[in-house]
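Structure first, then comments.
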Amino acid sequence: MLLLFIIPLTSPQPYKPNIVGGEDAEYGEFPHIVSLLHKPILGFKSHFCGGSIYNSRIVITAAHCCRAHNPATVSVLAGDYHRQGHNDPYEQEVKVAHMLVHEDYNDRNFFNDLCLVFLDSPIIFNEYVGSVSLVEQGSEETPGHLCMVVGWGATTQGGSMSNILQKADVPVVSDEGYKKRYVNRS
């Protein structure tokens, strides 16, 4: 599940190495979440990553999501709840004009894994579509406190992606803890 939105909670929890499972979100519970769709030359559009609406013209996602795609073949689906079917009542699909990968992104260790997706036309905000609330610059959460991740990730380890938007609580990991667990390549 892609880390798209973080909500600090209060109780420390033990570290879990993988983010899978979770539970169904309510329709409209996360109005800032979008599905990034890829349209190959032959075939149908398909979800490949999630993102968060920054403002009506910019979506924030991971750099590893942008690197493999040409903006001309990508669109953003706001108001999406069901990954397949694309029949949710408040869905809006917008073409992508440009994708800007963080200049210091490192695809070996995923440092600076950030991409801004600039849209061809604005997303229209409503009760089910809106921008993400960002934390204050420089603020940090205490390791062990719970955050919420949201996306259409796997529901079991090695399983297939969920069709319904999922949410799961995961603990914050310190920079040192992250490096010990994940950074074995530079």
Contact check, side chains of [X] and [Y], non-hydrogen atoms, under 4.5 Å:
X      : Y      : result
Glu93  : Leu37  : yes
Ser52  : Ile33  : yes
Leu119 : Ile58  : no
Leu36  : Thr61  : yes
Val34  : Leu77  : no
Leu116 : Met99  : no
Phe30  : Met148 : yes
His102 : Asp113 : no

### Selection residues 117-130 - residue pairs positive for side chain to side chain donor-acceptor pair (under 3.5 Å), sequence neighbours left out
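Non-adjacent pairs meeting side chain to side chain donor-acceptor pair (under 3.5 Å): zero.
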Just verifying a value: how many Å separate [X] [atom1] and [Y] [atom2], rounded to the nearest 0.5 Å?
X      : Y      : atom1 : atom2 : answer
Glu141 : Ser174 : CD    : OG    : 13.5 Å
Arg57  : Phe118 : CZ    : CZ    : 11.5 Å
Leu134 : Ser139 : CG    : OG    : 10.0 Å

Under 3.5 Å side-chain donor-acceptor pair for [X] and [Y]:
X      : Y     : value
Asn163 : His82 : no
His38  : Ser46 : no
Ser131 : His32 : no

### Query
Should Cys115 and Cys66 be marked as a disulfide bond (SG atoms under 2.5 Å apart) after you check the CA-CA gap, both sets of side-chain angles, and the distance that decides it?
CA-CA 7 Å; Cys115 177; Cys66 295; 2.2 Å; yes
### Message
Quick one, Val170 with Leu146, criterion side-chain contact (heavy atoms from CB on, under 4.5 Å). Give me CA distance, side-chain angles, the key distance, then yes/no.
### Response
CA-CA 5 Å; Val170 297; Leu146 291 180; 5.8 Å; no
Please check: side-chain N/O of [X] versus main-chain N/O of [Y], any donor-acceptor pairing under 3.5 Å?
X      : Y      : answer
Gln92  : Ile124 : yes
Gln166 : Ile164 : yes
Asp88  : Glu91  : no
Ser162 : Leu165 : no

### Message
Does the plane of the ring in Tyr27 sit parallel, tilted or perpendicular to the ring in Tyr81? Use 30° and 60° as the thresholds.
### Response
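Geometry flag for Tyr81 against Tyr27: perpendicular rings.
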### Query
For Ile53 and Val129, what are the C-alpha separation, side-chain angles and deciding distance, and is it a side-chain contact (heavy atoms from CB on, under 4.5 Å)?
CA-CA 9 Å; Ile53 300 170; Val129 177; 3.8 Å; yes
### Message
Working note: Asp80 + Trp152, criterion side-chain contact (heavy atoms from CB on, under 4.5 Å); need CA distance, chi angles, decisive distance, verdict.
### Response
CA-CA 10 Å; Asp80 194 24; Trp152 290 272; 3.9 Å; yes
### Query
Which pair of non-hydrogen atoms, one from Ala154 and one from Gly159, has the smallest distance, and what is that distance?
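Shortest heavy-atom contact: CB-O, 3.7 Å.
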### Task
Kindly give the heavy-atom pair with the smallest separation between Val96 and Ser75, and that separation in Å.
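That closest heavy-atom pairing would be CG2-CA, 4.0 Å.
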### Query
Who are the side-chain contact (heavy atoms from CB on, under 4.5 Å) partners of Thr142, not counting sequence neighbours?
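Thr142 satisfies side-chain contact (heavy atoms from CB on, under 4.5 Å) with His145 only.
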### Query
For Tyr105, does the OH atom have more than 12 heavy-atom neighbours from other residues, nucleotides or ligands under 6.0 Å away?
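Yes, the 6.0 Å shell around OH holds more than 12 heavy atoms from other groups.
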### Query
Should we say atom NZ of Lys39 is surrounded by more than 12 heavy atoms from elsewhere, each under 6.0 Å from it?
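Yes, the 6.0 Å shell around NZ holds more than 12 heavy atoms from other groups.
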